[in-house]
2 protein chains.
Amino acid sequence: MRPNKKDELVRKALTVFYRDGFHATGMDKLVAETGVSKTSIYKHFRTKEELIVAVLKLRDENFRAWFEARVDELADTPADKFLAAFDALGEWFEEDSYRGCMFINAGAEYQCKDDPIRMEAAHHKQVLLDYFTDLARQAGARDPEALGCQILLLKEGAIVMSSLMGTTKPACDAKDTARILLDHALKG
Amino acid sequence: MRPNKKDELVRKALTVFYRDGFHATGMDKLVAETGVSKTSIYKHFRTKEELIVAVLKLRDENFRAWFEARVDELADTPADKFLAAFDALGEWFEEDSYRGCMFINAGAEYQCKDDPIRMEAAHHKQVLLDYFTDLARQAGARDPEALGCQILLLKEGAIVMSSLMGTTKPACDAKDTARILLDHALKG
DNA sequence: CTCAAGGTGTACTGATCGGTAAACTTTTGC
DNA sequence: GCAAAAGTTTACCGATCAGTACACCTTGAG
């Protein structure tokens, strides 16, 4: 299997895992949906867990690339980017294929603390925290670490609520809240 | 099986499902851990899904009873209760058995919109939203619905982050954030 | 061409999945 | 006491789980 074939396998597996969940997706279903035989899959990944980790790494890459690019498209100044982040989230929530945050979902299914899958999820959230903290610093916030934390809490809360309630409203609620926090962090 | 035996089954099943997840918990494990035979379980619940719904109803009852009681213990005025809510959350995060929010976890594993399990999770969040909105009204917030939403977003975000990162810090971060939002909602 | 090397599909492993049939034990009503 | 009803246990169902043995086929080198 050529390297790009391997990438294609991970890409297709990502779709299936995100749509149906991790435990609910058997290797046989993966074979049927990716068109790659089980033997070939196990040539590149020793276990299902290893495949899932590869899928999550791709997801992290894809999501952050999309998110940060979209935020940059929607706003010019660091302060505006905070608000635009929630517009971008709102667009995500509207997609038919939206199933919440894949890393939150992964963490829900793999509760063991030292599980590589869970660690991948934790890493994703840490990188997002760094992104928001950096943005807060650029915006000139009094306490960038605090503002970064706050925005991330709002983002995660909005994802959970939009996913469970099936509404995009949490994106708006979170944006309104972010505006208050932003004003508070920048004023005087 | 006496009715209280049925309750005991649900109570023990709750522990196992919360600890290990839903798909990862087979009926055989449930038999081993509850001491109730499979036939007896299926006398009271036609399917695993029905049992899970019963478990979630109990969890909703238990969690909200504990949470609201703890908030009332920690604070007297409605405004202070908002802040105390995050102290209560912090205590929850510290428990060894803490595995995040069982309803978020359930929603992650059962993505089909009309699944009774998912609907139970959505119901739990709606009831919490009503609780916070009511508290906001009592506190005299300018826009109680908005403040209720905001606090709920913070709570869900704190749960997700504390669970994935293995820290109780999000409870403090969320409390600090809540203070800002509360001031904003109450000021002239 | 031949031949070796490596990727691929078929068919299978034992274990476990959710769920059930039927024999057995306990409780209940009279 | 005595039978019916209710609850429980054992043993099992076909399906699916993650993972593998092995034969087959394609490909590139000489």
Side-chain angles (χ1 to χ4, degrees), chain A residues 1-56 105-106 108-112 114-118 120, chain B residues 1-57 102 105-106 108-112 114-118 120:
Chain A
M1 183 185 270
R2 264 89 86 247
N4 58 345
K5 281 272 184 182
K6 179 177 177 178
D7 292 347
E8 195 186 333
L9 162 65
V10 176
R11 199 168 41 78
K12 287 181 178 173
L14 165 50
T15 304
V16 182
F17 278 128
Y18 183 50
R19 167 167 38 90
D20 298 341
F22 298 97
H23 284 106
T25 300
M27 296 305 284
D28 291 315
K29 187 197 281 184
L30 238 38
V31 168
E33 297 229 24
T34 64
V36 181
S37 77
K38 215 187 280 196
T39 313
S40 298
I41 296 178
Y42 279 97
K43 269 274 144 61
H44 295 283
F45 304 99
R46 282 182 310 176
T47 61
K48 182 185 182 182
E49 182 175 271
E50 237 179 52
L51 170 60
I52 293 177
V53 169
V55 163
L56 290 180
N105 296 348
E109 291 207 48
Y110 298 89
Q111 292 280 1
C112 180
D114 52 358
D115 192 312
I117 293 174
R118 196 175 181 76
E120 203 58 41
Chain B
M1 184 186 271
R2 263 90 87 248
N4 57 343
K5 281 271 185 184
K6 180 177 175 177
D7 292 346
E8 195 187 332
L9 163 65
V10 176
R11 199 168 42 76
K12 287 181 177 170
L14 165 49
T15 304
V16 182
F17 277 129
Y18 183 51
R19 166 166 41 88
D20 298 340
F22 298 96
H23 283 106
T25 300
M27 296 307 286
D28 291 315
K29 186 197 282 182
L30 237 38
V31 168
E33 297 228 23
T34 64
V36 180
S37 77
K38 214 187 283 195
T39 313
S40 298
I41 297 178
Y42 278 98
K43 270 274 144 59
H44 295 284
F45 303 99
R46 285 182 308 176
T47 62
K48 182 185 183 183
E49 181 175 273
E50 238 180 50
L51 170 60
I52 293 178
V53 169
V55 163
L56 290 180
K57 281 183 195 295
M102 194 171 192
N105 296 348
E109 292 207 47
Y110 299 89
Q111 292 279 1
C112 180
D114 52 358
D115 193 312
I117 295 175
R118 196 176 181 76
E120 202 60 40

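Each chain gets a letter, A, B and so on, in the order its sequence line appears, and its residues count up from 1. Every heavy atom of this structure was used, including side-chain atoms; hydrogens, water molecules and symmetry mates were not.
The side-chain contact (heavy atoms from CB on, under 4.5 Å) check on B:Tyr42 picks up B:Met27, B:Lys38, with sequence neighbours excluded. Considering only residues two or more places apart in sequence or on other chains, B:Glu49 meets the side-chain contact (heavy atoms from CB on, under 4.5 Å) condition with B:Thr47, B:Asp115, B:Pro116, B:Ile117. For A:Thr15, there are no side-chain hydrogen bond (donor to acceptor under 3.5 Å, both in side chains) partners, not counting sequence neighbours. Under the rule for a salt bridge (Lys or Arg N to Asp or Glu O under 4.0 Å), A:Lys43 has no partner lying at least two apart in sequence or in another chain. Applying the side-chain contact (heavy atoms from CB on, under 4.5 Å) rule to A:Glu120 yields the partners A:Val53, A:Leu56, A:Lys57, A:His123; only residues at least two apart in sequence or on another chain are considered. Under the rule for a side-chain contact (heavy atoms from CB on, under 4.5 Å), the partners of A:Lys29 that lie at least two apart in sequence or sit in another chain are A:Val16, A:Asp20, A:Thr25, A:Glu33.
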Just the atom pairs and distances: protein N or O near nucleotides 24-26 of chain C's N or O, under 3.5 Å.
none

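Relative orientation of the B:Tyr110 and B:Phe22 rings is perpendicular, given thresholds of 30° and 60° on the angle between their planes.
Going from atom CG of A:Leu14 over to atom OG1 of A:Thr34 covers 12.5 Å, rounded to the nearest 0.5 Å.
Atom CD1 of B:Ile41 and atom P of D:dG7 are 15 Å apart (whole Å). Rounded to whole Å, atom P of C:dC17 lies 11 Å from atom CG of B:Asp20.
Of the side-chain N and O atoms in B:Ser40, none sit less than 4.0 angstrom from OP1 or OP2 of D:dG7. Distances shown here put every side-chain N or O of A:Ser37 at or beyond 4.0 Å from the OP1 or OP2 atom of C:dT8.
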Base contacts versus sugar-phosphate-only contacts with protein, heavy atoms under 4.0 Å: please encode nucleotides 11-22 of chain D as B, S and - from 5' to 3'.
------SBBBB-
